[in-house]
Each structure stands twice: as C-alpha cells, then as structure tokens.
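All remarks here apply to the structure that follows.
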Amino acid sequence: MGEMIVVQDLVKNYGEFCAVNHISFTVPEGVIFGFLGPNGAGKTTTIKMLTTVLDPTSGSIRVNGHDPTREQKQVRRSFGIVFQDPSLDDELTAQENMDLHGILYGVPRAERLKRIDALVDLVGLGDRKKDFVKTYSGGMKRRLEVARALLHAPRILFLDEPTIGLDPQTRNHIWGYIQQLSKDEGVTVFFTTHYMDEADRVANDVAVIDHGKIVAQSSPGELKERTKCATLEDAFIALTGHAIREEEANATDRMRMMGRAWRGGGRR
Amino acid sequence: MKAIYILCVRQLKRYVRSPARIIGSLGQPILFLVALGFGFKAMFARAGGGNYIDFLAPGIISMAILFNAVFSGIEIIWDRQFGFLKETLVAPVSRLEIVFGRMLGGALVAMAQGIVVFVICLIAGFRVKSSPILPLAIVFMFLIALLFAGIGTVFGSMLQDMQGFPLIINFLVMPLFFFSGAIFSADGLPKFLQFGLRLNPLSYGVDGLRGACTGVFAYGLKTDLAAVTILTAILLGIGSYFFSKIQL
C-alpha cells in the first residue's frame, strides 16, 4: 500500500490572513481519513488545494503521485468529490447530470449507461432518475452527488461535510456504502465532518486542524487515549478548546440569499 | 471536443426548458420595436429616411442577441453560486474546452432568441430584400452572439456576485446598444459620437445585419465582416483567459 495523499508544509494565505499554516500529513491508500476541525479551521481550503481548484501559496502536494498545481488532468482523473454545497444542475434530470459527468470524465457510452443505472439504484434513486433535480429533497441531491462522484471509478473520494443536514437513515445508508466501497475496491476516502460520532465510527485515521495548523493526527482510538477522553467529541474539544468560531459569510453565501430573494425559489 | 458539445447542449436544454426566460427576454425588444418603430415612423418618413421599421429591425434583433449573449456569460456567476461551476472545474478537461462549450451554448441561445425577434419584426412590417447576401444575416447574428458571449464571460469570470450586474447593464450593455447605430444612423451626429460609434463593436454587427437584410451598408460589407470576425476572435480569447483564471 502506497501513500495516496502526501502534503508537505502546505500554506495558503489570503492577504494577511493565513487560512492554512504549514501543514503536513499523509493519507495511505485505502484508508478512510477524517479531516476534522472547527468552522474556519482551513478544512475546505485544504480540500480545494488538493482538488486543483485553488493554488497554494507554498508547500507541496501529491495526490495519487501527481502534483495538483502542474499535473492537473492526472489529479482530476484520480478523484471524485462531493462538495460542501450542492453542485448539481437543477434544471437537468438526475440521469442528465450523471451523463454530463460521465462525458466530462471520458467514460465510454456503454460503460457510462451501465454504471449510471447501477449507481443510481445503489443510492436508491433508480425510479427517480428521469426527474428534474430541482424536484429532489436535500438528502436525495446528496445521494445523487455521491453516485456522481463515483461514476468514473476514482481512486480517491473527497467528501466535504457529506452528511450535513441529512437524517440518520440517509447518513447511515451513505456511510454503509462508502465503507463497503473502501473495503471492496480499496478506494481512499478523505472526508470532513462536524459529527464526531460519525468520524469515530467510520474513520481509520483522523487529523485535527485548528487555526490552519494540524494539532493531532492518529486513529480515533489513540486520540481518545492520548487526551484521556471517553468520546471523540470530548477529545476534539480538549484539543481545540471551547471558543466558538466565527466564519465570515463569503460572497457565495450572500449571493445565495440574494438569489433566493430574487427568484423566490422560482424557475432555476 | 465531447466536453464542448455536452456543455453546449446543457445550455440549449436549459433554454428550451424555460419558457419564462424565452418570453421574458422578448419583452424588451418588442417594447423598443413598438415604441420606437411606430413612434418615430412618421417623423422618419417625413425626414426622407424611408421606412423606419426597415432601419430599426436589424437594430432590435441585434439588441435581443446582445442582451442574451452577455447574460449567458454572466450566468457563470449563477453557476458559481449555485454550485455547478465547481463540477466543471474539477473535471479532467481543459478550461478552454469548458469555456468554449459555455460560450458556444450561450451564443446559440442568443441567436435563437434573435431569430424569434426577427420573425416578430417581419410580422411588424420589416421588409427583407432578397439578395445573394441575405444568408449573411445569420452569419452576422452568430458573430454578434459569440462576440458578446465572450464579453459576458469576461465579466462573469471576474465578478464574485450579482452586485455588479446593474453596473454592467447600465454602463456597458445599454451604451453599447444606444451608440451602435441600432436606432439612429451615424449621419449628422456630432463628430465625437460618430467616433464613439466607430469604436463600438456592435456598430459593425448592426450594420452588417442591416446591410445583409436591406442591402444598405454604412461601413461596407467587407469592413463589417472583418471587424466583427476579428473582434469576436479577440473577445473569445480574452473571455477564455479570464475564465481559466477562476479559482474557487
């Protein structure tokens, strides 16, 4: 087993503000890796850099042996991602969203159609695949995004708070499937979450990031032992403190609000 | 290539599926056609200009294309906010393919809208002169659409949110429309305005379209075609460059 993700001395500055501050970690192939941290700790910024959509200020990254700043195509082919916010086209059907993804990733037609059918069935959307995504609930959209991220059979699956806003049934369903996938096909899973019980249950390894720095990395068991806490949640608080973090609403959030007000949940 | 095709198809599907958008964006051209066309018709004829609708229609068609094409570029902001942009940015295809697919799709949508307005103009009394250069009307419509899809893409890539949208409409799109010779000819304008019209890319598009339909050119067919083609190529390049610089 090699190393699927290697991060060395990674830094991202936004002007004066240091979002990611000299972090280093490795994720071995085939493990389920939980990347934990309070709001604004630098989790999403790190994922953006790993997935080629944000350039680091300094430091080096290897994803599946490739550098996301230079060998973007190879890196992009290696991973599937479920973003923190929805990224489906609501005006297309589930089938069309999947098909578009398959074409972008160069999955041949016959294989694409077969895999789409199998995957939408797997996430329990088989009978709704011809429906427009705008008619889907939040949970259904999430499930569809998971299915879509797996369509091109990636070696790594990035999940940025994949279960936020989902009911326990859907959460268990999704995680059950991802664990199976990791076991059967050796897919490496890199996820972030605020649910510590979830991380404790599914992750083989966790890293805790706070104020842009990694403050701990080990298995959840070791972390609890080291902090002498009964639960991962307590261990997390022991490591990161009780202070509540403030995260500035970014342009996207403001815009979403405006978009909603403007269209009144209308046609798009 | 497949990526360009599928992203283009995506925009066409979204267009066809949104009757509200199709009808909504017809409102403004029809308003201008009726208000100006019928309002100034008598005066234009009295001044010896002939049939004003024949003069105005190509301008109104260009206007419909201009607005739709710029908007298709600005849609990058919506896709950024509503998430779909990310899906395309992590895909293993070049940024150039993504942005070409988008611009082509946006241009085709704008052109479709232009054709609808064309038909409305014919109903309102626009008389097209049949001639060998009439098919060039479609070419000019497509070039105008691509040109402004490129300009829209520049702004859609630069802006983070829709706050700047009225700025673009009021300080870019509206002036480009009014000072393009779409509603009045350059003859008899003050020198500085004539010069302004000369600098406006839309002037050549409007003049080319008008010439192809009615046989009367202000700048000449070759000048129009060359100017619009070159400017379109430049704007597609600039649009692609700005799009490729997008980071999330």
Comparing A/Thr51, A/Asn97, A/Asp55 against chain B, the one with the most heavy-atom pairs below 4.5 Å turns out to be A/Asp55

A/His152 versus chain B, heavy atoms under 4.5 Å apart: side chain, backbone, both or neither?
-> neither

Ranked by heavy-atom pairs below 4.5 Å to chain B, first place among A/Val75, A/Asp89, A/Thr52 goes to A/Asp89

Smallest separation among heavy atoms of A/Ser87 and B/Gly83, with atom names = CB-O, 3.3 Å

Using 4.0 Å as the upper bound for N to carboxylate O, is an ion pair formed by B/Arg17 and A/Glu91?
-> no

Determine whether B/Pro92 and A/Tyr105 make a side-chain contact, defined as any pair of heavy atoms from C-beta on separated by less than 4.5 Å.
-> yes

Turns out that what part of B/Lys13 lies under 4.5 Å from chain A's heavy atoms comes down to side chain

Over 12 non-hydrogen atoms of neighbours within 6.0 angstrom of CZ in B/Phe40 = no

Distance from A/Thr44 atom OG1 to B/Leu248 atom CG, nearest 0.5 Å?
-> 11.5 Å

A/Gln74 versus chain B, heavy atoms under 4.5 Å apart: side chain, backbone, both or neither?
-> neither

Closest non-hydrogen atom pair, A/Lys73 against B/Val93 = CE-CA, 4.0 Å

Least distance between heavy atoms, A/Leu88 atom then B/Phe84 atom = C-CD1, 4.1 Å

Per-residue contact mode, A/Ile81 against chain B (heavy atom under 4.5 angstrom) | side chain

More than 12 non-hydrogen atoms from neighbouring residues, nucleotides or ligands closer than 6.0 Å to OH on A/Tyr177, yes or no?
-> yes

Among the listed options B/Val90, B/Leu85, B/Leu7, B/Leu89, the residue most often paired with chain A at heavy-atom distances under 4.5 Å = B/Val90

Would you mind checking which part of A/Asp99 comes under 4.5 Å of any heavy atom in chain B, side chain (CB onward), backbone (N, CA, C, O), both or neither?
-> neither

For A/Asp85 and B/Lys86, the nearest pair of non-hydrogen atoms, with its separation, is OD2-NZ, 3.2 Å

So NZ of B/Lys2 and CG of A/Leu100: to nearest 0.5 Å the spacing works out to 12.5 Å

Picking from A/Gln72, A/Glu145, A/Glu96, A/Arg77, which has the most non-hydrogen pairs under 4.5 angstrom with chain B?
-> A/Glu96

